[in-house]
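This structure is a prediction, so every number in the text was calculated from the model and none was measured. Per chain, numbering begins at 1; letters A, B, ... match sequence-line order.
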There are 2 protein chains.
Amino acid sequence: MIRSISSKRQVEPAASSGVDIERQLHEAQDTFIRRWGEMGATWGINRTMAEIHALLYITAQPLCTDDVMARLHISRGNASMSLRALCDWGIIHRMHRRGQRREYFESLSDVWEIFSIIASERKRREMDPVLETIKQCQRMLGEGQIGQSAAQRSDVLATRRRLEGMEEFMVVTNKIFQQFVGGAKAGLNKVVRLLLKAF
Amino acid sequence: MIRSISSKRQVEPAASSGVDIERQLHEAQDTFIRRWGEMGATWGINRTMAEIHALLYITAQPLCTDDVMARLHISRGNASMSLRALCDWGIIHRMHRRGQRREYFESLSDVWEIFSIIASERKRREMDPVLETIKQCQRMLGEGQIGQSAAQRSDVLATRRRLEGMEEFMVVTNKIFQQFVGGAKAGLNKVVRLLLKAF
DNA sequence: CCATAGTTTCAGTATCTACTGAAACTATAG
DNA sequence: CTATAGTTTCAGTAGATACTGAAACTATGG
């Protein structure tokens with residue numbers, strides 16, 4: 001019996017059925033989706049949102065809310081809200097099919113664009129507040145440091161220098177970042193072109 | 001009464017006491033530490049570790065475990081383990097003071113170096129596995145796609161194209177990244193110099 | 001070998017975030 | 001207006017992570 005199965009495989013190497021192919025495609029997609037979700041989770045994007053996006057990206061087809069629910073085993077509320085959030089970010093789009101009331105969603109196809117959107121959002125929400133805090137700290141240390149002991153003076157100076165170091169780093173990083181992001185929207189960007197030329 | 005207070009301030013503008021200065025420094029440092037901890041949390045570095053590092057960075061002084069515990073109100077176990085983890089990462093160092101058995105810790109002072117260490121670690125833990133998964137998916141779709149319907153063939157091809165798009169993006173991003181990181185260790189790096197020249 | 005400083009482990013707990021399932025609400029076609 | 005598709009809200013809960021406090025363990029100086 002075992003032999004007959006394996007011999008069958010040998011006889012019909014190219015005859016994998018349509019069902020097999022579909023299952024294989026499905027499995028490959030799920031592998032990608034799962035990994036993408038895990039990565040998203042450690043990047044401050046919640047797992048489900050990352051998975052929905054991965055699904056739309058990898059299938060390269062418009063799917064409706066029920067498709068997403070079924071494929072990822074999530075509730076209607078979750079699917080609906082997550083899809084809306086992804087639309088708000090602009091990394092997926094709503095799509096109508098004429099003659100159908102039902103709405104479909106599809107992912108942007110350009111990875112550079114997707115990442116530039118995500119990255120800009122993260123910069124705004126995470127880098128900018130830190131820069132603001134650094135400035136605030138600098139203001140707090142800018143006033144009234146006359147008359148203290150030498151030791152205190154040097155402590156204040158040391159902290160100020162550290163704040164400056166951090167500020168400089170973030171400002172420069174932001175500049176690089178904006179080049180990367182701004183350029184990405186116009187296809188292969190300036191930074192990339194420069195780098196590929198240079199190395 | 002109110003007037004007398006304000007006039008006193010005018011008369012002695014430079015006479016803020018040593019205690020005031022210390023409190024002010026302390027507050028500014030805490031502000032930074034808190035914000036840094038929040039940022040770390042959304043970046044996959046846990047809040048306490050980020051705070052410990054922020055403390056050592058911003059005070060610019062070697063502190064011992066008990067200092068850290070007291071300043072951040074955390075338990076001995078937590079402090080000890082987090083300090084060890086930071087040492088393992090290499091963004092803080094142990095330091096001995098002669099004649100004392102007690103160990104002190106101090107932060108690297110170069111922000112570029114700190115970030116290149118953190119970033120490399122994140123790349124290794126998060127980007128690399130994704131690249132690996134993409135390759136795995138490609139292998140899964142590389143075999144046995146003969147004999148299926150035209151629709152199935154096109155689905156498989158579409159998914160393959162998406163995998164390729166993602167792979168290309170990650171490979172290029174990794175290259176940029178390594179330049180950034182590798183160069184950072186040698187002070188202002190190649191990427192930065194290129195960019196500052198170009199823009 | 002003892003005393004002490006320091007480190008690691010761990011069970012229990014607190015905290016946080018995301019998710020479900022249901023209900024309420026809104027929009028549209030007929 | 002009614003039926004239906006679709007969206008939003010929310011209370012309760014599940015699951016994950018990180019933290020504490022204590023105990024066990026390790027290393028070192030004397």
Send over the distance from [X] [atom1] to [N] [atom2], rounded to a whole Å.
X        : N      : atom1 : atom2 : answer
A/Met69  : D/dG6  : CE    : P     : 11 Å
A/Leu83  : D/dG6  : CG    : P     : 12 Å
A/Arg102 : D/dT7  : CZ    : C1'   : 14 Å
A/Asp67  : D/dG6  : CG    : C1'   : 15 Å
A/Ile52  : C/dA18 : CD1   : P     : 13 Å
A/Glu103 : D/dA5  : CD    : C1'   : 10 Å
A/Arg47  : D/dA16 : CZ    : P     : 9 Å
A/Ile74  : D/dT7  : CD1   : P     : 13 Å

| Is it the case that B/Arg122 places NZ or CZ above or below the six-membered ring of A/Trp43, under 6.0 angstrom from the centre and within 45 degrees of the axis? | yes
| query | Between B/Tyr104 and B/Arg97, is there a cation-pi geometry (under 6.0 Å to ring centre, at most 45° from the normal)? | reply |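 Judged by the rule, B/Arg97 and B/Tyr104 form a cation-pi pair.
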| request: Rounded to the nearest 0.5 Å, what's the gap from CD on B/Glu38 to OG1 on A/Thr133? Could you check? | output: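 With rounding to 0.5 Å, CD (B/Glu38) is 7.5 Å from OG1 (A/Thr133).
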| said: To the closest 0.5 Å, what do you measure between SG (A/Cys64) and CE (A/Met69)? | reply: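 Here the interatomic distance stands at 9.5 Å.
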| request: Could I get the full list of side chain to side chain donor-acceptor pair (under 3.5 Å) partners for A/Asn46, not counting sequence neighbours? | output: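 For A/Asn46 there are no side chain to side chain donor-acceptor pair (under 3.5 Å) partners, ignoring immediate neighbours.
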| said: If the condition is side chain to side chain donor-acceptor pair (under 3.5 Å), which residues does A/Glu27 pass it with, not counting sequence neighbours? | reply: A/Arg23
| query | Where the side chain of A/Thr65 is concerned, which of C/dT7, D/dT7, D/dT20 is the nearest nucleotide? | reply |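 Ranking C/dT7, D/dT7, D/dT20 by closest atom to the A/Thr65 side chain puts D/dT7 first.
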| said: Among D/dT20, D/dC19, C/dT7, which nucleotide has an atom closest to any side-chain atom of B/Asn46? | reply: D/dC19
| task | Name all pairs fulfilling the side-chain hydrogen bond (donor to acceptor under 3.5 Å, both in side chains) condition that reach into residues 78-88 of chain A, sequence neighbours left out, sorted by first residue then second. | result | A/Asn78-A/Ser82
Protein N or O to nucleotides 8-10 of chain C N or O, pairs below 3.5 Å:
unit_1 : atom_1 : unit_2  : atom_2 : d
C/dT8  : OP1    : B/Arg84 : NE     : 2.6
C/dT8  : OP1    : B/Arg84 : NH2    : 2.5
C/dT8  : OP2    : B/Arg84 : NE     : 2.6

| note | Per-nt protein contacts along nucleotides 24-30 of chain D (heavy atom under 4.0 Å; B base, S backbone sugar-phosphate only, - none) come out as ---BB--
| B/Gln29 side chain to A/Thr159 side chain, donor-acceptor N/O pair below 3.5 angstrom | yes
Going by atom type alone, with no hydrogens or angles, which donor-acceptor pairs under 3.5 Å involve a side-chain atom of residues 48-60 of chain B and a protein atom two or more places apart or on another chain?
unit_1  : atom_1 : unit_2   : atom_2 : d
B/His53 : NE2    : B/Ser107 : OG     : 3.2
B/Tyr57 : OH     : A/Arg162 : O      : 2.8
B/Thr59 : OG1    : B/Leu55  : O      : 2.8

